[in-house]
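Quick notes on the structure that follows.
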Amino acid sequence: MKTPCENRAFFVSTKKEWFIFFLVKLVSFFFGTYLCFSLHHYFDVPVVLAAAFTGLVGSFWHWPNKYGNHPQAAIYAGAFAGMCSSAIITGWEALLFISVVGAGVYTLTRNIFEGFGGRLGAIAFTAVSSLILLRALF
Amino acid sequence: MTELLVVIATLAGAFATYRLAKLPRFNVIRASSLLTILFYFSVLLLQNVLVSESRSSETAECWATVFFGGSFVGMSAPHRFSYYLLTISSICFTIIFMVLLPLLEGIGGALGCSAFISVAISHSLRVMVDKLKGA
């Protein structure tokens, strides 16, 4: 069984393909973050359960084969980022910033650390940390 | 005693995810998320039926967090990480979980990042041992 990172069905060669890949990641990451955050913030679902539920829903979302498992992995990574407290995700702009950074980091590092457990969590942590750092700087 | 239970929960999460992800119709994401949901409700049921504790939801969430972290370790690819390395990663994760994670409460991805660090440590150890054997 291949891990999401091993799946190289979608080769990115041109700038256009890179942008499409990034957009797919962005939509998936945003969906994961938004669903997980909404579940635990508005519906009082335990944080772990919210993230796991988001990942499970995302794993059944069918995407064209050329994208492989990448969108599902991005949804799961987004769910990890969505585990943040409301002190960090204060509004739509924070949610969008985390998603853009997360999708960007995912796209740039798609062939690095393949098959390493916790890679998706590290991407989510990078996205959330960059928001905290940005707030601290400005 | 709690430390031992944390190690057991982490190992259970890692090994169960690692095994389940190999089955047809499953992948690492489905295995990790499904097992965590099942684990959460199992602990909640045990707390409510057997122990009848009033703070059962919080206890279940705490143990599910440990299991969830373990399942991230178990998301490692079988061609890269053996059961032996998975055990080392899980023990590393337990240490990070108890020392570092309380400082990062409320930050999304901290659990996954801890799992990544523990997997990277075990991978580095393997590379180091391989180099020493070759020298």
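Keep in mind the model is a prediction, meaning the values are calculated, not measured. Numbered from 1 within each chain, the chains take letters A, B, ... in sequence-line order.
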**Request:** Using the six-membered ring wherever Trp is involved, compare the ring planes of B:F68 and A:Y76 and label them parallel, tilted or perpendicular (cut-offs 30° and 60°).
**Result:** perpendicular

**Within 6.0 Å of OH in A:Y34, more than 12 heavy atoms from elsewhere** = no

**Request:** Specify which of A:P46, A:G55, A:S85 makes the most heavy-atom pairs with chain B at under 4.5 Å.
**Result:** A:P46

**Item:** chain B contact via A:I88 - side chain, backbone, both or neither, heavy atoms under 4.5 Å
**Value:** side chain

**Message:** Tell me if the CZ atom of A:F60 is crowded by more than 12 foreign heavy atoms within 6.0 Å.
**Reply:** yes

**Request:** Check whether A:V57 gets within reach of chain B through its side chain, its backbone, both or neither, counting any heavy atom under 4.5 Å.
**Result:** neither

**Asked** Where does B:L104 contact chain A at under 4.5 Å (heavy atoms): side chain, backbone, both or neither?
**Response** side chain

**Request:** Give a yes-or-no answer on whether the side chains of B:S76 and A:R119 include a donor-acceptor pair shorter than 3.5 Å.
**Result:** no

**Prompt:** Among B:A115, B:S114, B:A110, who wins on heavy-atom pairs under 4.5 Å with chain A?
**Reply:** B:A110

**Item:** Between B:S89, B:A31, B:G108, B:G112, the one whose heavy-atom pairs under 4.5 Å with chain A are most numerous
**Value:** B:G108

**Fill in**
Among A:A124, A:C84, A:A127, the residue with the most heavy-atom pairs under 4.5 Å to chain B is A:C84

**Message:** I'd like to know which of B:A64, B:S32, B:A120 tops the heavy-atom pair count under 4.5 Å against chain A.
**Reply:** B:S32

**Request:** Check whether more than 12 heavy atoms from other residues, nucleotides or ligands sit under 6.0 Å from atom CZ of B:R19, and answer yes or no.
**Result:** no

**Message:** Using a 6.0 Å distance limit plus a 45 degree cone around the ring axis, check whether A:K15 lies over the aromatic ring of A:F19.
**Reply:** no

**Asked** Quick one: what part of A:I132 sits under 4.5 Å from any heavy atom of chain B, side chain, backbone, both or neither?
**Response** side chain

